[in-house]
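Working notes for the structure below.
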Amino acid sequence: MKWNWLILSLTFFGILISCNKKTEEDPEFAEVVHKKEAEEKPEFAYGFSLNDYHVERDTIERGDNLSLILARHNYDATEIHDIVSKIKGSFDIRKIKAGKAFTILKSKDAIPRLEYLIYEPDAMGFQVIDFRDSIHAYTVDYPISYKVKTIAGEIDGSLSASIQREGLDPGLATALSKKFAWNVDFFKFKRGDKFAVSVREKYINDSIYVGTEEILGAYFDYNGKDVYGFPYTRESEKDPQFFDESGKQMKTMFLKSPLKYFTITSKFSKNRFHPVQKRFKAHNGTDYAAPQGTPIMTTASGKVIETGYTSGNGNYVKIKHDGTYTTQYLHMSKILVRRGQSVQQGQIIGKVGSTGLATGPHVCYRFWKNGVQVDPLKQKLPTSAIMDRGDLPKYMAQIKPIKQSIDEKLEEKFGN
């Protein structure tokens, strides 16, 4: 019996040791460690911690209005009328437009309550309606910032496409063509011609591009010449004019032509073969061909001294600009000004036609200097105004860093 008891005790003791060892070594009995659930990532927008709310994002549908939106969130007609009355001075419910985004923030109560409605009318900011104790509305405008950007490139195709390839708004080409119209013929650019532009760009929240706020300066390599232009507002004027690097105004008294788009088919000549009369005679004008009805502009400001019709000139307009210069525009299909009327440079005075002795639609542009008809393409025309000596030092100081930036960009791009 004693031996049996001893054997049983030893066996039981061995089993205990074996179990303890298995518990320590066998993975089946290893301690399971549970990782803590990942903490919720904070999210902020519109000045709110969105994690504190039930967030519903939506878009204004066609036919939607504030009343319908609130009705979908269990507001009755009386409550809606009360809300609209309280916010009418700071939130115009009539300006809610289809396609615009809005966000609803509701409380995390057992029964969620509408606390805020955020409406985004545009990229410039947002409007908030606060539905808590004291219902009110307010507007938040995003901060606006400006960045100066200077680019340089070569003409390859159109100027707008060339500008876009360098990372600027292609619409700048139109603005530049207007500012440099008196010094650069934008239809005569050659592939490889160089250009540079410095602009001030507008951003929302320092990241959302809005557009070009201002052209600070520009450069064109045109006909082998360096042409610079910079805006400057003189004390006597409200709007800026463009001047070159020495302070000379770029805008001349006359436009280069009476049409925006044209082909010169016949130049000023003392002995030209007339296509209708079939004989050689003087051609005291320059013919600009263009489609029927193309607008004709006066090349300089002045007063209309004649309008009418003759068998040779067709419908025509004659304008006196000052004591030195007079211009005339022939073969119009329609006259749009009257005798005695004052006109401004670039104003539309008629439309291209083929009245009188003409073989096709065009305008014959005639030019008088001191009572003598001359070739306008060979004239050195005066500027409209000269910068006052009092403005020049201020102008030169203003353009110095801009020109330096343009020159550095050209050097960086082309090496010379």
Side-chain donor/acceptor of [X] to backbone N/O of [Y], under 3.5 Å:
{"X": "Asn65", "Y": "Leu68", "result": "yes"}
{"X": "Thr139", "Y": "Gln127", "result": "no"}
{"X": "Gln345", "Y": "Met253", "result": "yes"}
{"X": "Asn313", "Y": "Thr310", "result": "no"}
{"X": "Gln347", "Y": "Gln344", "result": "yes"}
{"X": "Tyr395", "Y": "Phe243", "result": "yes"}
{"X": "Ser49", "Y": "Phe44", "result": "no"}
{"X": "His331", "Y": "Thr355", "result": "yes"}
{"X": "Asp226", "Y": "Asp221", "result": "no"}
{"X": "Ser107", "Y": "Arg113", "result": "yes"}

Could you tell me whether [X] sits above the aromatic face of [Y], with NZ or CZ closer than 6.0 angstrom to the six-membered ring centre and within 45 degrees of the axis?
{"X": "Lys147", "Y": "Tyr203", "answer": "yes"}
{"X": "Lys194", "Y": "Phe414", "answer": "yes"}
{"X": "Lys320", "Y": "Trp368", "answer": "no"}

Inter-residue atom distance [X].[atom1] - [Y].[atom2], 0.5 Å rounding:
{"X": "Asp76", "Y": "His81", "atom1": "CG", "atom2": "NE2", "value": "12.0 Å"}
{"X": "Lys267", "Y": "Lys378", "atom1": "NZ", "atom2": "NZ", "value": "8.0 Å"}
{"X": "Ile83", "Y": "Tyr75", "atom1": "CD1", "atom2": "OH", "value": "5.0 Å"}
{"X": "Glu412", "Y": "Lys409", "atom1": "CD", "atom2": "NZ", "value": "4.0 Å"}
{"X": "Leu336", "Y": "Gln341", "atom1": "CG", "atom2": "CD", "value": "9.5 Å"}
{"X": "Ile87", "Y": "Asp130", "atom1": "CD1", "atom2": "CG", "value": "11.0 Å"}

Heavy-atom check, side chain of [X] versus side chain of [Y], under 4.5 Å:
{"X": "Leu410", "Y": "Tyr219", "result": "yes"}
{"X": "Lys97", "Y": "Lys100", "result": "yes"}
{"X": "Ile319", "Y": "Thr326", "result": "no"}
{"X": "Gln249", "Y": "Phe242", "result": "no"}
{"X": "Lys369", "Y": "Gln379", "result": "yes"}
{"X": "Ile155", "Y": "Arg191", "result": "no"}
{"X": "Tyr288", "Y": "Thr263", "result": "no"}
{"X": "Val197", "Y": "Leu176", "result": "yes"}

Original post:
Would you call Glu56 and Lys106 a salt bridge, taking side-chain N to carboxylate O under 4.0 Å as the test?
Top reply: yes
Subject >> salt_bridge(Lys108, Glu115) N-O dist < 4.0 Å >> reply: no
Original post:
Taking only residues two or more places apart in sequence, or in another chain, which ones meet Asn183 in a side chain to side chain donor-acceptor pair (under 3.5 Å)?
Top reply: none
**OP:** Could I get the full list of side chain to side chain donor-acceptor pair (under 3.5 Å) partners for Ser162, not counting sequence neighbours?
**Re:** Arg165
Side chains of [X] and [Y], donor plus acceptor under 3.5 Å:
{"X": "Asp287", "Y": "Thr265", "answer": "no"}
{"X": "Thr150", "Y": "Ser405", "answer": "yes"}
{"X": "Ser246", "Y": "Tyr228", "answer": "no"}

Subject >> Option from Val337, Val317, Ile349 for which side chain to side chain contact (heavy atoms under 4.5 Å, CB included) with Thr298 holds >> reply: Ile349
Quick one: closest heavy-atom pair of [X] and [Y], and the distance?
{"X": "Thr294", "Y": "Ala290", "result": "OG1-CB, 3.7 Å"}
{"X": "Pro231", "Y": "Gln398", "result": "O-NE2, 3.0 Å"}
{"X": "Leu392", "Y": "Gly247", "result": "CD1-CA, 4.0 Å"}
{"X": "Tyr222", "Y": "Val184", "result": "CD1-CG1, 3.8 Å"}
{"X": "Leu259", "Y": "Pro295", "result": "CD2-O, 3.2 Å"}
{"X": "Arg338", "Y": "Thr307", "result": "C-CG2, 4.2 Å"}

**OP:** For salt bridge (charged side-chain N to carboxylate O under 4.0 Å, His left out), just list the numbers for Glu214 and Arg200, CA-CA rounded to whole Å, side-chain angles, deciding distance to a tenth of an Å, and then say yes or no.
**Re:** CA-CA 5 Å; Glu214 181 184 8; Arg200 181 179 288 111; 2.4 Å; yes
**OP:** Report, as yes or no, whether the 6.0 Å neighbourhood of atom CZ on Arg72 holds more than 12 heavy atoms from other residues, nucleotides or ligands.
**Re:** yes
Original post:
Has Lys351 got more than 12 heavy atoms of other residues, nucleotides or ligands less than 6.0 Å from its NZ?
Top reply: no
Original post:
Looking at residues at least two apart in the chain, or sitting in another chain, which of them share a side-chain contact (heavy atoms from CB on, under 4.5 Å) with Asp58?
Top reply: Phe102
Original post:
What residues, two or more places apart in sequence or in another chain, satisfy side-chain contact (heavy atoms from CB on, under 4.5 Å) together with Ser207?
Top reply: Asn205
**OP:** Show the numbers, then the answer: is there a side-chain contact (heavy atoms from CB on, under 4.5 Å) between Leu255 and Met297?
**Re:** CA-CA 9 Å; Leu255 296 175; Met297 304 176 293; 4.0 Å; yes
Original post:
Are Phe220 and Phe180 close enough that their ring centres sit under 6.0 Å apart?
Top reply: yes
Original post:
Would Ile129 and Phe91 satisfy side-chain contact (heavy atoms from CB on, under 4.5 Å), going step by step from the backbone distance to the final call?
Top reply: CA-CA 8 Å; Ile129 301 177; Phe91 189 102; 4.0 Å; yes
Subject >> Qualifying ring-ring contact (aromatic ring centres under 6.0 Å, His included) pairs with a residue from residues 300-328, counting only residues at least two apart or across chains >> reply: Phe254-His321, Phe254-Tyr325, Tyr325-Phe367
Original post:
Which pairs, with at least one residue in residues 140-167 and sequence neighbours excluded, count as a ring-ring contact (aromatic ring centres under 6.0 Å, His included)?
Top reply: Phe126-Tyr142
**OP:** Determine, stepwise, if the pair Lys413 / Glu166 fulfils salt bridge (charged side-chain N to carboxylate O under 4.0 Å, His left out).
**Re:** CA-CA 11 Å; Lys413 187 82 173 181; Glu166 300 300 331; 3.2 Å; yes
**OP:** Evaluate the side-chain contact (heavy atoms from CB on, under 4.5 Å) criterion for residues Ser354 and Gln292: first the C-alpha distance (whole Å), next the side-chain angles of each, then the deciding distance (0.1 Å), finally the verdict.
**Re:** CA-CA 8 Å; Ser354 54; Gln292 183 88 2; 4.2 Å; yes
